[in-house]
Amino acid sequence: MLFEQKSKKNKARTGIINTLHGGIITPAFFPDATYGAIKSLSFSEAHNAGVREIVTTTLHLEMTVGSEFIGNFGGLHKFLNWNRPILTDSGGFQIFSLIHRKMQKLGRITDAGVTFEDPRTGKFKILTPEISQIIQHNLGSDIRVVLDEPALRTTSIKYLKEANRRTVEWAKRSKEIFLKLNGLTESDFDNPRVKRPLLCAVIQGGNVENLRKENAKALIDIGFDIYGFGGGLPMKDEKSWKNELPKGLDPEMLAFLADLIPQDKIRYGLGMGTPDDLRSSIECGWDIFDTVLPTRNARHGYLYVNAGDGDAHFNNYSVMHIKKEIYKKDIYPINKDSRIKDLREISRAYLRYLFKIGENEALRLATMNNLEFYSQLMEKAGHHH
RNA sequence: GCAAGGAUGGCAGAGUGGUCAAAUGCACCAGACUGUAAAUCUGGCGUCGCGAGACUUCGGGGGUUCGAAUCCCUCUCCUUGCA
């Protein structure tokens, strides 16, 4: 992977990540198609909205269709009929959120792995670093993530250290089985001429700089293609990494970590972020991102629009809460500058109306709008094309 | 014309003497959402007030009672049986 710094002012950079299903131009945003579908949109519609790569989740696919079936089918790309890059998340975060969202013991973490209750069936399941890699191998994804242990910002130092140790051990085990599954040696892994899926490790350590640093170094020593910023902030009640910050991610921590990761490696912000979060992350050198924000918010009538447009304003963007009364008679188009005909021509009043009557079309239009917004955000940040 | 059952907040629909400004659902208004158990969740929703609180409400009118959406009388209207 070769990355080129865009300007001297900040550390933003552009580059191309080569995968088995084509190149990814960075910075890049991967929408979440957790269950193998971008909610309320077909893949061709998503592609029209600028989507070039997606994220799916190991665990969800395993618990629903099953990776063995998908493997026999001919792989996830064939199953989804999506021939562009797919990143599969390890499943660690999903279990983490199961454990932390409810006070009940829905899951248990040991050095071996995680046992958890399947929310759909109530049955207990086990996920280990090895199982996660095997599932991802069956799926045949282009970018694979190692199982890690995310931790809450408020977790004690003692526990953070333990979680970090496990994260490193699991990363090591993940790489071992990854090599084995792909019939590779360590030197194959480091040889750029060997075509193979990419492997991503996730840096943890809460909001403690030293622990983040320690964790990053240990993972870099093992050697991966991609280093992720893990732990995000979707951990409910954990709105900010620093108490004094109003909300959002900690730009200083992101800058600090980006500098620790070698130039030729890819930096992945997992579960990030708002358009403002993304902008500041790109500026300090992060390359790829995913979050449910644009798709979920779209379904809730929360549309991203250019700064100054809309009814709520942030640093570099604005938002239309399209269900608001003020749009009832708004004849203005959803986005006059859109590359998508419907978004250019359909009025805000009609979109609001579609939401009010509960039409699927509302979700479709809103999701296209938000995905197009995110994809253009990446283009602007990277000066693509 | 006789008999029976009804009339509750924008709608549907609980409540049958005090804890009722009145459950619940819908609608409406506002907010949240960051590696998706999310087309979800939270809050508001008689009037005035930032607030404690005050005031006016359960078809109309009258009455019983310390106290009524709830009991009695009467009027209006609706539904259903019998003529």
Side-chain angles (χ1 to χ4, degrees), chain A residues 29-41 54-61 63-64 87-102 104 106-107 116-122 132 143-150 200-204 226 228-241 247-250 254 268-278 281 288-302 304 311-312 314 319 321-328 352 354-367 370 374:
Chain A
F29 178 74
F30 295 49
D32 287 327
T34 304
Y35 287 93
I38 292 174
K39 289 180 189 284
S40 75
L41 227 58
I54 59 168
V55 172
T56 72
T57 298
T58 325
L59 201 57
H60 290 85
L61 291 173
M63 294 191 302
T64 51
L87 183 154
T88 44
D89 193 14
S90 66
F93 181 81
Q94 287 68 43
I95 292 170
F96 176 85
S97 89
L98 287 186
I99 293 171
H100 286 278
R101 274 186 196 179
K102 285 198 172 180
Q104 303 163 9
L106 284 176
F116 65 99
E117 196 182 318
D118 181 341
R120 294 163 169 267
T121 61
S132 179
I143 300 176
R144 302 177 189 176
V145 178
V146 307
L147 190 68
D148 63 327
E149 184 179 351
C200 171
V202 186
I203 301 165
Q204 295 293 345
I226 304 174
F229 180 85
L233 81 163
M235 333 239 119
K236 302 301 166 190
D237 309 326
E238 297 291 319
K239 290 298 184 188
S240 171
W241 285 88
K247 202 177 178 182
L249 295 155
D250 177 359
L254 283 162
Y268 171 24
L270 291 86
M272 283 157 61
T274 66
D276 282 344
D277 287 338
L278 293 187
S281 302
I288 63 176
F289 308 92
D290 83 285
T291 171
V292 303
L293 234 35
T295 47
R296 179 188 289 166
N297 279 344
R299 277 174 273 124
H300 298 166
Y302 187 104
Y304 293 96
D311 56 83
F314 300 88
V319 161
H321 293 83
I322 197 67
K323 290 188 269 189
K324 278 171 87 81
E325 199 165 18
I326 52 171
Y327 297 108
K328 191 170 185 174
R352 180 189 126 101
L354 289 172
F355 264 105
K356 288 295 178 181
I357 62 170
E359 270 302 325
N360 294 325
E361 179 67 358
L363 310 183
R364 196 187 134 253
L365 291 168
T367 304
N370 284 0
Y374 265 65

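Both backbone and side-chain heavy atoms feed into the values below; hydrogens, waters and symmetry mates do not. Just so it is clear: chains get the letters A, B, ... in the order the sequence lines come, proteins before strands, and each one is counted from 1.
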Q: Which is true for Ser40(A) with a 4.0 Å heavy-atom rule: it touches a base, it touches only sugar-phosphate, or it touches nothing?
A: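 Here Ser40(A) touches no strand at all.
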Q: Quote, to the nearest angstrom, the P distance that separates rC28(B) from rU34(B).
A: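 About 25 Å, rounded to a whole number of Å.
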Q: Picking from rC29(B), rA38(B), rG35(B), which would you name as closest to the side chain of Arg352(A)?
A: rC29(B)
Q: Consider only side-chain N and O atoms of Asp311(A) and Tyr327(A), and report whether a donor and an acceptor are under 3.5 Å apart.
A: yes
Q: Kindly say if Thr274(A) contacts the phosphate of rU34(B), meaning a side-chain N or O under 4.0 Å from OP1 or OP2.
A: no
Q: Can you tell me, in whole Å, how much space there is between the P of rA23(B) and that of rC75(B)?
A: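 The answer is 33 Å between these two P atoms.
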Q: Heavy-atom distance under 4.5 Å between the side chains of Tyr302(A) and Val319(A), does that happen here?
A: yes
Q: CG of Leu293(A) versus C1' of rG35(B): gap in Å, rounded?
A: 13 Å
Q: Calculate the interatomic distance between Ile322(A) atom CD1 and rA39(B) atom C1'; express it in whole Å.
A: 16 Å
Q: Which part of the nucleic acid, if any, lies within contact of Thr295(A), taking any heavy atom under 4.0 Å across all strands shown: a base, the sugar-phosphate backbone alone, or nothing?
A: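 Contact class for Thr295(A): base.
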Q: With distance as the sole criterion, do the side chain of Glu149(A) and the base of rG35(B) form a donor-acceptor contact below 3.5 Å?
A: no
Q: CZ of Arg296(A) versus C1' of rA32(B): gap in Å, rounded?
A: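 It is 11 Å, rounded to the nearest whole Å.
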Q: Looking at Ile54(A), Asp32(A), Val55(A), which hits side chain to side chain contact (heavy atoms under 4.5 Å, CB included) with Leu87(A)?
A: Val55(A)
Q: How long is the straight-line distance from NE2 of His60(A) back to OG1 of Thr88(A), given to the nearest 0.5 Å?
A: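 NE2 of His60(A) is found 13.5 Å from OG1 of Thr88(A).
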Q: Side chains of Leu254(A) and Phe229(A): does their closest heavy-atom pair fall under 4.5 Å?
A: yes
Q: Closer than 4.0 angstrom, basic N to acidic O: yes or no for Glu361(A) and Arg364(A)?
A: yes
Q: Could you pick out which residue, Leu147(A) or Lys356(A), lies toward the 5' side of RNA chain B when each is mapped onto its nearest nucleotide?
A: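 Nearest-nucleotide comparison on RNA chain B picks Lys356(A).
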Q: Can you tell which of rC28(B), rA39(B), rA37(B) lies closest to the side chain of Asn360(A)?
A: rA39(B)
Q: For Gly358(A) and Ala33(A), take the nucleotide of RNA chain B holding the closest heavy atom to each; which residue's nucleotide lies nearer the 5' end?
A: Ala33(A)
Q: Between atom NZ in Lys39(A) and atom C1' in rA38(B), what is the gap in whole Å?
A: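 Between C1' of rA38(B) and NZ of Lys39(A): 7 Å.
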Q: When you measure from the side-chain N and O atoms of Tyr35(A) to the phosphate of rA38(B), is any distance below 4.0 Å, counting only OP1 and OP2?
A: yes
Q: Which whole number of Å gives the distance between the P atom of rG17(B) and that of rA3(B)?
A: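 The answer is 27 Å between these two P atoms.
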Q: The side chain of Lys324(A) lies closest to which of these nucleotides: rG31(B), rG35(B), rC33(B)?
A: rG31(B)
Q: On a whole-Å scale, what distance lies between the P atoms belonging to rG62(B) and rG49(B)?
A: 30 Å
Q: Taking the same atom, P, in rG46(B) and in rA52(B), what whole-Å distance lies between them?
A: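 Taking atom P in both rG46(B) and rA52(B), they lie 15 Å apart.
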Q: For rG6(B) and rC55(B), measure between their P atoms and round to the nearest Å.
A: 34 Å
Q: Quick one: sort the Tyr374(A) and Phe29(A) rings into parallel, tilted or perpendicular, breaks at 30° and 60°.
A: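 Tilted, since the angle between the ring planes falls between 30° and 60°.
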Q: Answer with yes or no whether the side chains of Ser90(A) and Ser132(A) bring together a donor and an acceptor at under 3.5 Å.
A: no
Q: Using purine N1 to pyrimidine N3 plus N6-O4 or O6-N4 for Watson-Crick, or N1-O2 and O6-N3 for G-U wobble, each under 3.5 Å, what pairs with rA30(B)?
A: rU42(B)
Q: Using whole Å, what does the distance between atom C1' of nucleotide rA38(B) and atom CZ of Phe93(A) come to?
A: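 Whole-Å distance recorded here is 13 Å.
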Q: Expressed as a whole number of Å, how far does the C1' atom of rG15(B) sit from that of rA21(B)?
A: 14 Å
Q: Under a plain distance cut-off of 3.5 Å, with no hydrogens placed, do Asn370(A) and Thr367(A) share a side-chain donor-acceptor pair?
A: no
Q: So which nucleotide from rU34(B), rC29(B), rG35(B) ends up closest to the side chain of Leu270(A)?
A: rG35(B)
Q: What does the list of N/O pairs under 3.5 Å between the protein and nucleotides 40-46 of chain B look like, with a distance for each?
A:
none

Q: Tell me the partner of rG67(B), counting only Watson-Crick (N1-N3 plus N6-O4 or O6-N4) or G-U wobble (N1-O2 and O6-N3) with both under 3.5 Å; none if nothing fits.
A: none
Q: Under 4.0 Å, heavy atoms only, any strand: does Asp32(A) hit a base, just the sugar-phosphate, or nothing?
A: base
Q: Out of rU34(B), rG31(B), rG35(B), which has the shortest distance to the side chain of His321(A)?
A: rG31(B)
Q: Please measure how far the P atom in rG60(B) lies from the corresponding atom in rA7(B), and state the result in whole Å.
A: 13 Å
